[in-house]
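We count residues from 1, following the sequence as given.
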Amino acid sequence: MTSPARLVGAGPSPLVRLLEGRGSAVAHAFTCRALGAWAPFGLIGGINKRRPDAGDLPAARAFAARLAR
């Protein structure tokens, strides 16, 4: 999942809430920065325009590999 700016302790994401609401257990989550175009940043074209980037995919793969162990 990607996020323009995830605050520490901001609580579970909408996807996690959806999965848990359907009875799934979410043990860990991976996030990376993403394009954020919500106000007021939309007025200037958004933030994190180049994210997710080439470094985020290997990080996601490493996260998935750690979960598989």
Side-chain angles (χ1 to χ4, degrees):
M1 108 181 73
T2 59
S3 171
R6 223 36 203 140
L7 300 176
V8 175
S13 72
L15 178 60
V16 170
R17 287 193 300 270
L18 175 71
L19 291 170
E20 289 176 341
R22 293 185 178 182
S24 297
V26 178
H28 302 283
F30 173 81
T31 61
C32 67
R33 296 208 181 269
L35 173 64
W38 46 273
F41 300 111
L43 297 173
I44 59 170
I47 58 173
N48 300 319
K49 293 178 187 176
R50 293 178 174 85
R51 298 300 292 270
D53 62 16
D56 293 321
L57 187 55
R61 285 186 180 129
F63 173 77
R66 285 191 304 272
L67 288 179
R69 292 185 207 151

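Using bins of under 30°, 30° to 60° and over 60° for the plane-to-plane angle, the ring pair His28/Phe63 lands in the perpendicular bin.
Leu15 contributes atom CG, which lies 10.0 Å from atom CD of Glu20 (distance to the nearest 0.5 angstrom).
Looking only at distances, a side-chain donor or acceptor of Asp53 sits under 3.5 Å from a matching main-chain atom of Asp56.
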